[in-house]
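Everything quoted here is computed from the prediction, not taken from an experiment. So you know, we letter chains A, B, ... as the sequences are listed, proteins then strands, and number each from 1.
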Amino acid sequence: MPSDLLDNLTETQLEAVTHIDGPMLVVAGAGSGKTRVVTRRIAYLISKGVWPNQILAMTFTNKAANEMKERVEQLVGVAPRWVGTFHSACAKFLRQDLEKLGDGRNGNFTIYDSSDQQSVVKACVKELEGTETSGRTNANSILSRISRAKCALVPPATFGKGTPEDDRVARVYKAYEKSLRQMNAVDFDDLLLLTVKLLEQRSDLRDIYHSRFRYLLIDEYQDTNRLQYRLMRLLTGPKHNVHVTGDPDQSIYSWRGADYRNIMDFAKDFENTRVVRLEQNYRSTKTILAASNALIQNNTKRFEKELFTDNDRGVQLTVKGADNERMEALHVAQGIVTLRTRRVPLSEMAIFYRTNAQSRSFEEVFMRVGVPYQIVGGVRFYERKEIKDILAHLTLLGNPRDVVALKRVVGCRSTGVGDKTLARLLARANEADIPVFDLLCSSDFKELLGGRIPRKLANFAAWCRDLAGVPRIPVGECVREVLGVVGLVDVYRNKSDTDPAAEDRIENLEAFVDRAFEFEAARPEATLADFLEDVALVADVDAWDSSADCLSLMTLHSSKGLEFPHVFVAGVEEGYLPHQNSEADWAVEEERRLLYVGITRAQKSVMLTYARQRYTWGRLEPRGPSRFLSELPPETVTYDGTEDDRNDSEDAKVDAATDDGELYYDYDDTW
DNA sequence: CCTATATAGATTTTT
DNA sequence: TCTATATAGG
């Protein structure tokens with residue numbers, strides 16, 4: 001055993017690390033060394049002779065999973081294979097075993113993201129009601145109800161009927177499910193749901209999984225929903241070797257069905273649960289901790305606990321009001337400059353906000369000033385139109401039944417094929433029970449389809465045959481080849497006069513090809529399907545580089561599990577925190593937890609900013625400081641210049657110059 | 001029957 | 001500011 005495995009641990013941490021068999025609950029406050037405990041425990045198990053692949057650790061985000069993997073590898077030199085998100089673990093299970101469920105789907109399934117789901121829902125509504133859905137919100141609201149039902153394990157058959165709207169959702173839900181089965185597609189919820197179904201139906205599989213995964217670990221247990229809870233129960237073998245960690249005060253996903261009662265009830269679920277509470281904070285200053293403790297105590301529904309720390313007192317939190325979002329960004333920029341004069345690297349600073357849209361004003365300022373930054377999340381790379389287009393082609397190669405992908409393939413450039421033709425194709429494919437793309441590629445396409453075939457359709461079918469002829473392996477070559485066959489780059493080049501983003505789109509496509517080659521280099525034996533899964537479930541994390549010397553920007557949700565010496569939380573104002581859609585009491589408590597999460601990310605300093613006015617959709621709206629600010633004890637906070645923002649002048653001038661890698665900024669006297 | 005253009009309408013958080 | 005839908009042209 002590596003000798004340092006048990007070094008520098010407190011007694012409680014040691015207890016959690018060296019626990020081997022039976023259920024364990026670790027209630028881990030923010031900054032209490034939870035990751036350290038979990039990773040050391042995995043390493044400890046391995047050092048005690050547990051085979052790394054017998055450990056299944058599930059997290060919510062890829063960031064958390066990757067960090068866990070890396071740190072275990074540092075400790076024992078092996079990266080356990082089964083450390084990943086709930087979704088990626090289930091995707092791997094289903095690639096292997098989905099066919100055994102016998103619902104018509106198999107391991108080549110496509111994973112649909114929300115826009116794909118929308119497209120399916122719209123098609124279902126049209127089919128059922130003969131009319132288009134009105135706008136995006138309609139499909140969206142139906143989808144969110146379907147998702148809620150799935151996460152609560154409610155099948156279409158028992159979906160609550162009553163109001164006409166309920167009945168309607170129930171009908172769409174049913175059609176939606178059927179449609180996904182037909183297309184050999186699953187949505188995010190299905191990844192978990194179908195795994196649950198599979199394990200419920202097949203005791204033989206359950207036994208196999210139990211013997212394969214002798215130790216189960218679940219991170220951020222307070223964020224599990226019923227579906228994830230059910231999955232946990234099914235994966236837990238008879239020995240109850242399940243180890244969960246979490247913090248009820250950091251539960252911020254109730255909108256996704258998370259129920260922190262899961263963590264409250266864990267010890268009741270499993271007899272003989274050992275409970276360890278980690279309440280010493282190693283991350284933050286006394287002041288930061290005092291502020292966050294006071295804040296979270298305003299929540300009524302909560303497990304009483306109070307974190308303490310031996311760290312220094314540190315400096316007060318700074319609160320700064322700005323006249324608008326532009327000024328807010330400039331204030332933050334100034335805070336960054338001040339830190340830079342103390343030689344603090346940019347990698348030690350982060351800006352958090354409630355909504356992704358808020359990143360814009362910061363980007364504009366940092367771009368102008370020349371501060372390198374990276375944004376975590378936001379418009380995901382693979383959700384961009386051009387990327388979805390190229391992905392659709394690749395998807396179709398792997399899953400010829402994927403109608404959503406075919407629609408994109410048809411629609412992304414002039415093919416001469418439209419809705420009517422597509423409907424005809426689909427009808428025929430269903431009739432003949434052939435995957436629609438196979439029908440198109442078939443050498444006797446004309447005979448199969450029958451009737452008059454427009455020249456354009458014949459051309460398209462011939463083109464499909466070319467596409468299908470592209471070798472699938474190796475992945476990088478395949479992606480480059482497909483891009484060439486599709487000619488998307490030329491499409492955008494021709495569109496450059498109408499689409500101002502055309503150049504970016506071409507760059508993105510090139511970046512996508514690069515990514516495919518990188519993937520191939522990292523996993524030479526991987527298939528196209530593996531690559532697509534990676535893109536659907538894990539691609540974005542790789543974009544965030546914790547070691548890069550640049551500033552990080554992300555939502556408060558994304559910040560969970562991370563830490564930074566210096567944290568800025570922007571938009572601490574009514575309307576954002578709490579968000580205007582979360583004014584209900586219970587919702588406000590979650591918003592408070594969100595700010596709590598943000599503040600407790602910080603090691604040394606925190607700056608909270610808000611705007612008094614803000615442009616929303618081009619309209620100037622009055623805003624005001626968040627109610628949460630008044631909950632911070634006065635002695636922990638300095639109100640910096642909130643009264644005296646002389647004129648907020650659009651002419652605050654910021655210049656940047658580089659010298660020796662250091663940035664210097666000059667401001668005029670408005671500062 | 002398909003394609004390009006204009007116009008309204010939309011943003012919470014994530015796998 | 002950006003995207004999806006309505007509409008008219010080809």
Proximal nucleotide (of [options]) relative to the [X] side chain:
X         : options                  : result
Ser558(A) : dT13(B), dT1(C), dT14(B) : dT14(B)
Thr555(A) : dA4(C), dT15(B), dT13(B) : dT13(B)
Asn356(A) : dT15(B), dT13(B), dA4(C) : dT13(B)

Near-ring test Phe93(A)/Phe213(A), centroid separation under 6.0 angstrom
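Yes, the ring of Phe213(A) comes within the 6.0 Å limit of the ring of Phe93(A), centre to centre.
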Rounded distance in Å between the P positions of dA4(C) and dT13(B)
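So the two P atoms sit 16 Å from each other.
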Which of residues 247-258 of chain A have a heavy atom under 4.0 Å from DNA chain B?
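Tyr253(A), Trp255(A), Arg256(A), in order of number.
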Counting only side-chain nitrogens and oxygens, does Lys560(A) get under 4.0 Å of the OP1 or OP2 atom of dT13(B)?
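Answer no for this pair, as no side-chain N or O of Lys560(A) is under 4.0 Å from OP1 or OP2.
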Less than 4.0 angstrom between a side-chain N/O of Arg360(A) and OP1 or OP2 of dC2(C), yes or no?
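Indeed, a polar side-chain atom of Arg360(A) lies that close.
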Please report the distance, rounded to the nearest Å, between [atom1] in [X] and [atom2] in [N].
X         : N       : atom1 : atom2 : value
Glu590(A) : dT14(B) : CD    : P     : 13 Å
Leu143(A) : dT15(B) : CG    : P     : 18 Å
Gln118(A) : dA4(C)  : CD    : C1'   : 10 Å
His557(A) : dT15(B) : NE2   : P     : 11 Å
Arg384(A) : dT1(C)  : CZ    : P     : 17 Å
Asp116(A) : dA4(C)  : CG    : P     : 12 Å
Gln580(A) : dT13(B) : CD    : P     : 12 Å
Met554(A) : dT15(B) : CE    : P     : 12 Å

Taking ring-ring contact (aromatic ring centres under 6.0 Å, His included) as the definition, give me every residue that meets it alongside [X], ordered by chain and number, with sequence neighbours left out.
X         : value
His557(A) : Tyr253(A), Trp255(A)
Phe531(A) : Phe512(A), Phe519(A)
Phe86(A)  : Phe60(A)

Check side-chain contact (heavy atoms from CB on, under 4.5 Å) between Arg95(A) and all other residues, then give those that pass, not counting sequence neighbours.
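Residues passing side-chain contact (heavy atoms from CB on, under 4.5 Å) with Arg95(A): Phe109(A), Ile111(A), Glu533(A).
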Check the pair Tyr176(A), Tyr112(A) against ring pair (Phe, Tyr, Trp, His ring centres under 6.0 Å), reporting the backbone distance first and the verdict last.
CA-CA 12 Å; Tyr176(A) 171 81; Tyr112(A) 279 1; 8.5 Å; no
Asn298(A) versus Glu589(A), closest heavy-atom pair with distance
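Looks like O-OE2, 4.3 Å.
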Atom CD1 in Ile351(A), atom OG in Ser559(A): separation rounded to 0.5 Å?
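The CD1 atom of Ile351(A) sits 13.0 Å away from the OG atom of Ser559(A).
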Tabulate atom names and distances for all N/O pairs under 3.5 angstrom spanning the protein and nucleotides 2-4 of chain B.
residue	atom	partner	partner atom	Å
dC2(B)	OP1	Gly418(A)	N	2.6
dC2(B)	OP1	Thr421(A)	OG1	2.5
dT3(B)	OP1	Thr415(A)	N	3.3
dT3(B)	OP1	Gly416(A)	N	2.8

Any side-chain donor paired with an acceptor under 3.5 Å for Tyr209(A) and Asp97(A)?
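Yes.
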Does Phe60(A) reach a base, just sugar-phosphate, or nothing at all? Heavy atoms under 4.0 Å.
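Sugar-phosphate only.
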Using a strict threshold of under 4.0 Å (side-chain N to carboxylate O), is an ion pair present between Lys150(A) and Asp187(A)?
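Between Lys150(A) and Asp187(A) there is a salt bridge, with a charged N closer than 4.0 Å to a carboxylate O.
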